[in-house]
Amino acid sequence: MPPSVELQPLLDGNRRTLAKAITLVESKLDAHREQAQAILQAALPHTGNSVRIGISGPPGVGKSTFIEAFGLHLVEQGKRVAVLAVDPSSPLAGGSILGDKTRMESLSRSPAAFIRPSPAEGALGGVAQKTRESMLLCEAGGYDVILVETVGVGQSEFAVAGMVDFFMVLMLAGGGDELQGIKKGIVELADALVINKADGDGQLLARQTRQQYTSAMNLLRHTSFWTPRVMTCSALNKVNIDAVCGMIVDYRQQAEAEGAVERKRNQQNREWMHQLVGEMLRHRLEGNPAVRALLPSLEAQVEQHEITPYAAAARVMDLL
């Protein structure tokens with residue numbers, strides 16, 4: 001059982017205390033969740049001061065290499081960096097898709113960096129809940145930049161885009177077929193596309209791909225103050241990492257001038273609250289003995305077309 005967490009060591013930047021607090025957040029036990037909510041409530045006045053960056057992309061695009069190069073660049077600029085991995089654990093093998101700190105050895109050794117994967121495991125609120133709360137704890141712990149990583153293979157991109165200030169999608173150089181294969185919804189969420197592995201023989205193809213992506217992005221509607229950018233980089237050779245960082249600084253300055261950062265975070269918090277209300281209602285329904293007793297009968301009636309799904313759902317809600 002994780003011990004109770006005191007606020008002051010967390011505010012002082014104690015990494016061990018931060019890790020314990022995140023362990024409480026990730027726990028499924030009600031007692032731990034109460035402790036987690038207590039420390040989150042106490043830490044809340046000390047949150048909100050970081051730059052929150054979401055990073056997505058398909059497997060093999062080089063996210064780990066990019067995040068390590070990007071994180072080390074930020075550390076060299078005097079920033080404290082936290083990396084949170086939104087990890088949709090494999091439903092078949094039960095293992096992690098994103099792996100662990102071994103993918104970012106140099107960054108994990110830096111005293112100015114903190115790396116934490118977070119498996120979903122079907123807990124109330126899901127992985128987005130845990131990552132949001134972990135992000136708040138990292139902010140209270142004094143981290144200037146929070147990098148939220150997700151594999152670009154499902155709904156996790158939408159969850160990450162809904163909790164960060166800037167959402168970046170890493171891509172590989174490719175032709176028109178790859179451009180057609182991009183999920184339109186993800187591209188519409190992106191504030192930037194960054195084509196990685198633009199090195200060696202791939203430089204020319206990366207430049208061509210950049211032109212194709214730029215044309216595609218110009219057709220999509222985005223915010224009034226920011227036109228999403230398409231850039232190339234080589235995380236392996238640390239080429240253009242500083243340019244990517246400069247782009248995010250530029251976005252942040254424009255967003256702050258428009259008051260967009262506060263508006264976006266306020267909207268994200270409202271949507272998060274409404275999502276949690278729905279999930280808590282479902283959790284309460286599933287734990288209600290009367291609902292559990294009635295549900296098999298209602299399911300059978302719906303399957304046999306004796307009652308409409310709406311009428312069955314209404315009967316369940318009447319039990320609350």
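Scope of the values below: all heavy atoms of this structure, side chains included, with no hydrogens, waters or symmetry mates. In this chain, numbering begins with 1 at the start of the sequence shown.
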Could you check if a side-chain atom of Cys138 sits within less than 4.5 angstrom of a side-chain atom of Leu18, using non-hydrogen atoms only? yes

Looking at CG of Asn240 and OG1 of Thr232, how far apart are the two atoms once the value is rounded to the nearest 0.5 Å? 5.0 Å

Knowing that exactly one of Ile22, Leu107, Val83, Ile146 qualifies, which makes a side chain to side chain contact (heavy atoms under 4.5 Å, CB included) with Phe114? Ile22

Answer whether the closest heavy-atom distance between the side chains of His32 and Glu26 falls below 4.5 Å. no

Any Phe70 side-chain heavy atom under 4.5 Å of Val81 side chain: no

In terms of hydrophobic clusters joined by side-chain contacts under 4.5 Å, are Val249 and Tyr251 together? no

Look only at the side chain of Asp144 and the backbone of Ser50, and say whether a donor-acceptor pair between them is shorter than 3.5 Å. no

Does Arg52 reach the side chain of Met163, with side-chain heavy atoms less than 4.5 Å apart? no

What closest approach, in Å, do Leu10 and Ala43 show between heavy atoms, and which atom pair accounts for it? CD2-CB, 4.4 Å

Any chance you could lay out the side-chain contact (heavy atoms from CB on, under 4.5 Å) test for Val244 and Met247, step after step, and finish with the verdict? CA-CA 5 Å; Val244 174; Met247 170 188 63; 4.1 Å; yes

Are Asp199 and Gln203 linked by a side-chain donor-acceptor pair shorter than 3.5 Å? no

State, yes or no, whether a side-chain contact exists between Leu24 and Val5 at a heavy-atom distance under 4.5 Å. yes

Partners passing side chain to side chain contact (heavy atoms under 4.5 Å, CB included) against Ala161 (at least two apart in sequence or in another chain): Phe167, Leu189

Co-membership, hydrophobic cluster, residues Leu11 and Leu44, 4.5 Å side-chain: yes

Who are the side chain to side chain contact (heavy atoms under 4.5 Å, CB included) partners of Pro309, not counting sequence neighbours? Val302

Flag yes if more than 12 heavy atoms outside Asn266 fall under 6.0 Å of its CG atom; otherwise flag no. yes

With sequence neighbours left out, write down each residue that passes side-chain hydrogen bond (donor to acceptor under 3.5 Å, both in side chains) with Asp242, or none if nothing qualifies. none

Using a 3.5 Å distance criterion without hydrogens, assess whether the side chain of Arg116 forms a donor-acceptor pair with backbone atoms of Leu84. no

Do Glu139 and His46 touch side chain to side chain, with heavy atoms closer than 4.5 Å? no

Using a cut-off of 6.0 Å, state whether more than 12 heavy atoms not belonging to Glu262 lie near its atom CD. no

Where is the tightest heavy-atom contact between Leu285 and Val316, given as atom of each residue plus distance? CD2-CG1, 3.7 Å

Might you confirm whether atom CD of Gln301 has over 12 heavy atoms from other residues, nucleotides or ligands at distances under 6.0 Å? yes

Under 3.5 Å, is there a donor-acceptor pair between the Ser297 and Arg315 side chains? no

Have Glu271 and Gln267 got a donor and an acceptor in their side chains that come within less than 3.5 Å? yes

Quick one: CE on Met171 to CD1 on Ile195, what's the gap to the nearest 0.5 Å? 8.0 Å

Output yes when Glu258 and Arg263 qualify as a salt bridge under the 4.0 Å nitrogen-oxygen rule, no when they do not. no

A quick test of your reading: do over 12 heavy atoms of other residues, nucleotides or ligands sit less than 6.0 Å from CZ of Arg284? no

How close do Ala206 and Ala198 get, heavy atom to heavy atom, and via which atoms? CB-CB, 3.5 Å

Are Leu72 and Val239 linked, directly or through intermediate hydrophobic residues, by side-chain heavy-atom contacts shorter than 4.5 Å (ILVMFWY only)? no

For a quick test of reading the model, state the closest non-hydrogen atom pair linking Ala69 to Ala235 and the distance between them. CB-O, 3.8 Å

Please check if any side-chain donor atom of Gln211 sits under 3.5 Å from a side-chain acceptor atom of Ser215, or the reverse. no

Does some side-chain heavy atom of Arg210 sit less than 4.5 Å from a side-chain heavy atom of Arg207? no

Residue set satisfying side chain to side chain contact (heavy atoms under 4.5 Å, CB included) with Leu281, at least two apart, ordered chain then number -> Val277, Leu320

Gap between atom CD1 of Ile248 and atom CD of Gln253 - 0.5 Å precision: 12.5 Å

Classify the ring geometry of Phe166 against Trp226: parallel below 30°, tilted from 30° to 60°, perpendicular beyond 60°. perpendicular

Can any side-chain N or O of Arg265 pair as donor or acceptor with the backbone N or O of Val164 at less than 3.5 Å? no

Nearest heavy-atom pair of Arg252 and Val261: which atoms, and what distance? NH1-CG1, 3.7 Å

Main-chain N/O of Ala290 paired to Asn288 side chain as donor or acceptor, under 3.5 Å: yes

The reported gap from CG in Leu137 to CD in Glu133 (rounded to nearest 0.5 angstrom) is 7.5 Å

Asn14 (side chain) donor-acceptor with Arg16 (main chain) under 3.5 angstrom: yes

Could I get the full list of side chain to side chain contact (heavy atoms under 4.5 Å, CB included) partners for Ala314, not counting sequence neighbours? none

If you count the non-hydrogen atoms of other residues, nucleotides and ligands that lie under 6.0 Å from CD in Glu286, is the total more than 12? yes

Quick one: do Leu172 and Ile67 end up in the same hydrophobic cluster if we chain Ile, Leu, Val, Met, Phe, Trp and Tyr together by side-chain heavy atoms under 4.5 Å apart? yes

Identify which one of Thr47, Val25, Ile39, Thr131 satisfies the side chain to side chain contact (heavy atoms under 4.5 Å, CB included) criterion when paired with Leu136. Thr47

Closest approach of Ala42 and Leu7, non-hydrogen atoms and distance? O-CD2, 3.8 Å

Do side-chain atoms of Asp191 reach the backbone of Met168 as a donor and acceptor pair under 3.5 angstrom? no

Indicate if Leu236 and Leu74 have the same hydrophobic cluster label, given that clusters are the connected sets of ILVMFWY residues with side-chain heavy-atom separations under 4.5 angstrom. no

So Thr17 and Lys20, do their side chains get closer than 4.5 Å, heavy atoms only? no

So, Gln275 versus Glu279: side-chain donor-acceptor pair below 3.5 Å or not? yes

Once rounded to the nearest 0.5 Å, what's the spacing between atom CD of Glu299 and atom CG of Leu294? 9.5 Å

Pairwise distance CD(Gln35) to CG(Leu40) - rounded to 0.5 angstrom: 12.0 Å

Does any pair with a residue in residues 65-81 pass side chain to side chain donor-acceptor pair (under 3.5 Å), and if so which ones, sequence neighbours excluded? Arg80-Tyr143

Salt bridge check, Lys264 against Asp165: does any charged N sit closer than 4.0 Å to a carboxylate O? no

